[in-house]
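This report concerns only the one structure given below.
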Amino acid sequence: MKIQQNYKLTTVSATANNNYLWDKLKKRAMSVQELEKIFQHKVDQEIKIEPKDWMPDAYRKTLVRQISQHAHSEIVGMLPEGNWISRAPSLKRKAILLAKVQDEAGHGLYLYSAVETLGTTRNQTIEDLHSGKAKYSSIFNYPTLTWADIGAIGWLVDGAAILNQVMLCRASYGPYARAMVRICKEESFHQRQGFEILLVLSKGSPEQRAMCQDAINRWWWPSLMMFGPKDGESTHSDQSMTWKIKRKSNDELRQQFVDMIVEQAKILNVTLPDPALKWNAERGHYDFGEIDWVEFWNVVKGNGPCNKQRLEARRKAWTEGAWVRDAAAAHAEKRKARQQDKAA
Amino acid sequence: MNIRITRYYYGDIPEEKGGGAGASADTAADWPLWEVFIRSKQGLDHKHVGSLQAADAKMAIENARDVYTRRSEGISIWVVESKYIHASNPDDAGAFYEPANDKVYRHPTFYDLPDELKHM
């Protein structure tokens, strides 16, 4: 009886083994075109792509570029806000801003981890930022001149980012989508705190109201630029839509943002600096003026008001933090050695 | 025949790319990578939430606290160096999980029973 059972087991596993080998042979014979077909079929079926699944090289490259750019934006984004931590008007505001900046660091980490799953090391990714090879969102190349800017960043800049990020929660690459879900949960506090800063200012003294309006005037257009070039001129858009990395076009998201903000601006009792801004009943959307694309490309190319300053700050932080990284590594080594001594 | 083959020895991180080599005094090397698991409340399993880099386990747990539990998302943290995670290969999924495919009788819905039968 026992022998019989054993015999059965071996036959079963031998078949499984044959299938396994057959699968391997088939895989080897599969052309890139066939693999790409299977990949696209998965994407079309809304099956998430996970790190170990086969994916086209171009998909991997696009993700590395986009996710690392996104990660760098979170990290560089800490700079304009960090500028105000020590000068925020009250202890409460300081504590809130500190928490927000800490969140941004966390968001950077979630995204850097997602890049790592694609086979690019953290050091490489960070090096690409420092060498200027990798980009980050141009919005952070604008200066934060007054306290109201912190409110405008929360309301407009984070508001624009959230629209993009909510869409990315459904991106086809699993680790990216999961990072985005986590980020979105935390991001809504950012937008609300920004709006509340402006709300308080908008009900304050004439000087405070003017400061509020001035910040909005300066941040409005750069916020619209955050959605990137127009649909016809966006190089990666079509492919990213097919791969379901993106699900809405730049112009769609921009329109959604304008419609949302115009309504919210009424509560703040402020104006948006665009004379062409008008409700279009036929379209069911607000019409708005043309973005200054010369300025847009100038900042992208590194000639914005703070591009040099931001990169220098990042490089300085990295260089000056080297001893901390070294010390931690040395400490870990020492402790490991001590433990081994004890064991011996 | 230019099929790209990336081998994965642990977790989701490709071969020799995740700082799995361990901490060293060389500044060019990343700290090792750790996978983080969090128990959100008593009675639930620890669940994988993400990864981070740290020089040692103590730092990994402290960093995990700062990154993954800022809003009281957890009451217990596990960390394990990513290089110690062994994973199945999705390319072999077909053959690997094949033994389960023809055993529908393992599911309760396989059995056709009279409607009068209650509480089963």
Side-chain angles (χ1 to χ4, degrees), chain A residues 12-13 15-24 26-32 35 50-57 60 99 102-103 105-106 109-110 112-114 116-124 126 174-175 178-179 182 185-186 189 322-323 325-333 335-336, chain B residues 1-8 11-20 22-36 48-60 63-64 66-71 73 82 87-99 101:
Chain A
V12 168
S13 59
T15 332
N17 213 23
N18 274 341
N19 280 344
Y20 167 83
L21 286 174
W22 178 235
D23 262 16
K24 278 217 136 168
K26 270 197 301 196
K27 276 262 153 56
R28 202 157 295 162
M30 239 187 249
S31 67
V32 177
L35 287 167
E50 293 296 341
K52 294 160 82 180
D53 296 338
W54 188 90
M55 60 186 91
D57 275 352
R60 188 186 298 273
Q102 195 191 8
D103 273 356
L109 176 77
Y110 306 153
Y112 281 132
S113 303
E116 275 177 296
T117 67
L118 290 158
T120 306
T121 63
R122 183 88 60 91
N123 270 347
Q124 182 61 52
I126 290 171
R178 291 194 286 274
R182 201 175 287 282
K185 272 189 201 156
E186 302 184 347
F189 131 62
W323 74 269
R325 296 192 296 277
D326 290 348
H331 183 65
E333 282 291 313
R335 284 226 301 219
K336 208 196 267 170
Chain B
M1 283 304 287
N2 53 344
I3 297 176
R4 183 197 163 108
I5 294 170
T6 314
R7 273 177 295 173
Y8 294 79
D12 280 345
I13 308 300
E15 186 182 357
E16 291 161 4
K17 287 282 177 72
S24 83
D26 177 12
T27 39
D30 287 351
W31 285 337
L33 192 71
W34 303 75
E35 299 300 324
V36 180
H48 183 245
V49 292
S51 56
L52 49 78
Q53 296 186 348
D56 59 19
K58 186 165 173 271
M59 187 197 267
N63 286 358
D66 292 343
V67 182
Y68 293 108
T69 66
R70 282 200 301 281
R71 289 174 177 78
E73 290 97 335
S82 307
S88 60
N89 185 349
D91 289 344
D92 301 333
F96 191 70
Y97 299 107
E98 199 271 336
N101 289 343

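Just so we're on the same page: letters track the sequence lines, and every chain starts at 1.
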From B:Gln53 atom CD to A:Glu116 atom CD, the distance as rounded to the nearest 0.5 Å: 5.0 Å

Need one label for A:Glu186: side chain, backbone, both or neither, based on atoms under 4.5 Å from any heavy atom in chain B. both

Which atoms of A:Tyr112 come close to chain B, meaning under 4.5 Å heavy atom to heavy atom: side chain ones, backbone ones, both, or neither? neither

Where do A:Gly106 and B:Val67 come nearest, in terms of heavy atoms and distance? CA-CG1, 4.4 Å

Working for side chain to side chain contact (heavy atoms under 4.5 Å, CB included), residues A:Arg182 and B:Tyr68: CA-CA 9 Å; A:Arg182 201 175 287 282; B:Tyr68 293 108; 3.9 Å; yes

Identify the two heavy atoms, one from B:Ala55 and one from A:Ala332, that lie closest to each other, and give their separation to 0.1 Å. O-CB, 3.4 Å

What pairs with A:Asp103 under salt bridge (charged side-chain N to carboxylate O under 4.0 Å, His left out), at least two apart in sequence or on another chain? B:Arg70, B:Arg71

Atom pair CG/CZ of B:Leu52 and A:Arg122 - distance to nearest 0.5 Å: 8.0 Å

I need the A:Arg178 CZ to B:His48 NE2 distance, nearest 0.5 Å. 8.5 Å

Heavy-atom check, side chain of B:Lys58 versus side chain of A:Arg335, under 4.5 Å: yes

Are the side chain of B:Ser51 and the backbone of A:Ser113 linked by a donor-acceptor contact shorter than 3.5 Å? no

Minimum heavy-atom distance between B:Ala87 and A:Lys52, given as atom pair plus value: CB-NZ, 2.8 Å

Among all residues two or more places apart in sequence or in another chain, which pass the side-chain hydrogen bond (donor to acceptor under 3.5 Å, both in side chains) test with A:Gln102? none

